[in-house]
Amino acid sequence: MTPVASICGPTCGGQLFVHVIGAVTLFGSVFAVAVLAFAALKVAPESATVLRRVGFWTTVLLMVPAWIAMYAGGFWLLGHEGLDHSTPGWADAGIEMAHVAGLFTLLLLIFGWQSTRRPGRLDGVVGSLASIYLVALAVAWFFMSAKPDI
Amino acid sequence: MSTYQWLLFLHITGAFLFAGGIVVAGALNIAAQLRERPSEIALLLGLTRFALPAIIAGAFMTLGFGLWLVSEAPWGYSYGQAWVITALVLWLVGNVMGGQGGNREKATRVLAEKLAQEGDAPSAELRARMRDPFTIFLSYGGGVAMVAMIAIMVWKPGA
């Protein structure tokens with residue numbers, strides 16, 4: 001049972017594909033928001049305004065849908081494999097991290113929107129949140145890929 | 001943890017860096033496409049340099065650890081299986097297309113920087129470069145190859 005997601009492709013491909021595409025897109029979108037927020041700290045105010053808007057819309061149009069795809073795809077996969085009622089330890093860890101990711105997505109939406117309205121004050125907060133989010137995602141993909149016995 | 005588990009984690013880490021870097025470059029490129037001022041286009045295209053190390057490291061991690069995984073995985077995989085060969089071809093095609101597209105976008109960024117220093121007025125030449133169909137084909141083709149690679153890794157047809 002341990003490596004289920006690695007070998008169930010022929011039978012669970014659709015569910016796993018949605019989950020994985022959502023996860024890698026989520027990582028990329030958080031990475032992009034971090035780059036944009038930290039860059040906004042170092043450029044002229046007029047340019048920083050552009051970067052904040054791009055960062056906020058990246059959160060809305062890319063990060064939120066990616067989180068939904070990752071989360072829904074994950075539970076769809078667990079249900080398909082009959083693991084939704086007795087999840088293994090690695091899946092529990094992944095689910096917890098997915099909930100943390102949801103909270104971070106919400107915080108980035110709020111602070112990202114606020115940063116477009118209060119220029120200069122929240123770029124560091126958005127960049128730091130996104131950086132922590134990246135580390136949390138790395139922890140999640142460790143549990144989901146290596147599937148250690150926990 | 002077994003060697004297989006560590007290899008899978010490192011292979012997946014490479015995939016996240018590779019695909020994530022492509023998402024960053026794609027998002028910044030699309031944002032630049034929606035701008036008219038050369039300084040803004042140059043700024044957004046310039047930020048794609050932060051995605052490059054992730055793309056390069058990820059590309060080599062997926063290849064190296066992926067090939068190692070084929071021999072280490074306890075599922076009877078072999079280098080002659082269609083899904084392994086298809087994935088290798090897609091890896092090569094995707095990297096060549098993405099690399100060539102990236103080089104053409106670098107030339108566009110240099111033009112945008114030059115125009116930004118010369119008055120920062122919208123330019124028909126820059127607009128044409130931004131919407132050059134061949135550059136778009138190369139850059140987005142690389143992204144499509146990456147998605148196809150993920151599909152091959154997930155379904156493993158013929159494994």
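In what follows, chains are A, B, ... by sequence order, proteins preceding strands, each numbered from 1.
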Need one label for [X]: side chain, backbone, both or neither, based on atoms under 4.5 Å from any heavy atom in chain B.
| X | result |
| --- | --- |
| A:Leu51 | side chain |
| A:Val24 | both |
| A:Ala23 | both |
| A:Val43 | side chain |

### Task
Please list, in residue-number order, every residue in residues 138-149 of chain B that has a heavy atom less than 4.5 Å from any heavy atom of chain A; write 'none' if there are none.
B:Val147
### Message
Just to be sure I understand the criterion: a residue of residues 21-40 of chain B counts if one of its heavy atoms is under 4.5 Å from a heavy atom of chain A. Which ones qualify?
### Response
B:Val23, B:Val24, B:Ala27, B:Leu28, B:Ala31, B:Arg35, B:Arg37, B:Glu40
Might you confirm whether atom [atom1] of [X] has over 12 heavy atoms from other residues, nucleotides or ligands at distances under 6.0 Å?
| X | atom1 | value |
| --- | --- | --- |
| A:Phe111 | CZ | no |
| B:Arg104 | CZ | yes |
| B:Trp83 | CH2 | yes |
| B:Arg127 | CZ | yes |

#### Entry: Region of B:Leu47 in contact with chain A, defined by heavy-atom distances below 4.5 Å
both
## Note on the structure
Okay, B:Ala54 and chain A: the region with an atom under 4.5 Å from a heavy atom over there is side chain
[X] to [Y] - nearest heavy-atom pair and separation:
| X | Y | result |
| --- | --- | --- |
| B:Gly20 | A:Phe27 | CA-CD2, 3.9 Å |
| A:Ser47 | B:Leu43 | CB-CD2, 3.6 Å |
| B:Gln5 | A:Lys147 | NE2-O, 3.0 Å |
| A:Ala146 | B:Met1 | CB-SD, 3.7 Å |

Are [X] and [Y] grouped together when hydrophobic residues (ILVMFWY) are joined by side-chain heavy atoms under 4.5 angstrom apart?
| X | Y | answer |
| --- | --- | --- |
| A:Val64 | A:Leu103 | yes |
| A:Leu134 | A:Phe38 | no |
| B:Met97 | B:Ile150 | no |
| B:Ile85 | B:Phe65 | no |
| B:Tyr79 | B:Trp91 | yes |

#### Entry: Spacing of OG1 belonging to A:Thr11 relative to CH2 belonging to B:Trp155, to within rounding of 0.5 Å
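Spacing of OG1 (A:Thr11) from CH2 (B:Trp155) equals 11.5 Å.
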## Note on the structure
Separation between CH2 (A:Trp141) and CG (B:Leu8), nearest 0.5 Å, reads 13.0 Å
### Message
Under a 4.5 Å cutoff for heavy-atom pairs, which residue among A:Val35, A:Thr58, A:Val30, A:Val20 has the most contacts with chain B?
### Response
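Most pairs with chain B among the choices: A:Val35.
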### Summary
chain B shares the most heavy-atom pairs under 4.5 Å, among A:Leu26, A:Val50, A:Ile21, A:Leu36, with A:Val50
### Message
For B:Trp6 and A:Phe142, take the angle between the two ring planes, folded into 0 to 90°, and tell me which bin it lands in: parallel under 30, tilted 30 to 60, perpendicular over 60.
### Response
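The rings of B:Trp6 and A:Phe142 sit tilted, inter-plane angle from 30° to 60°.
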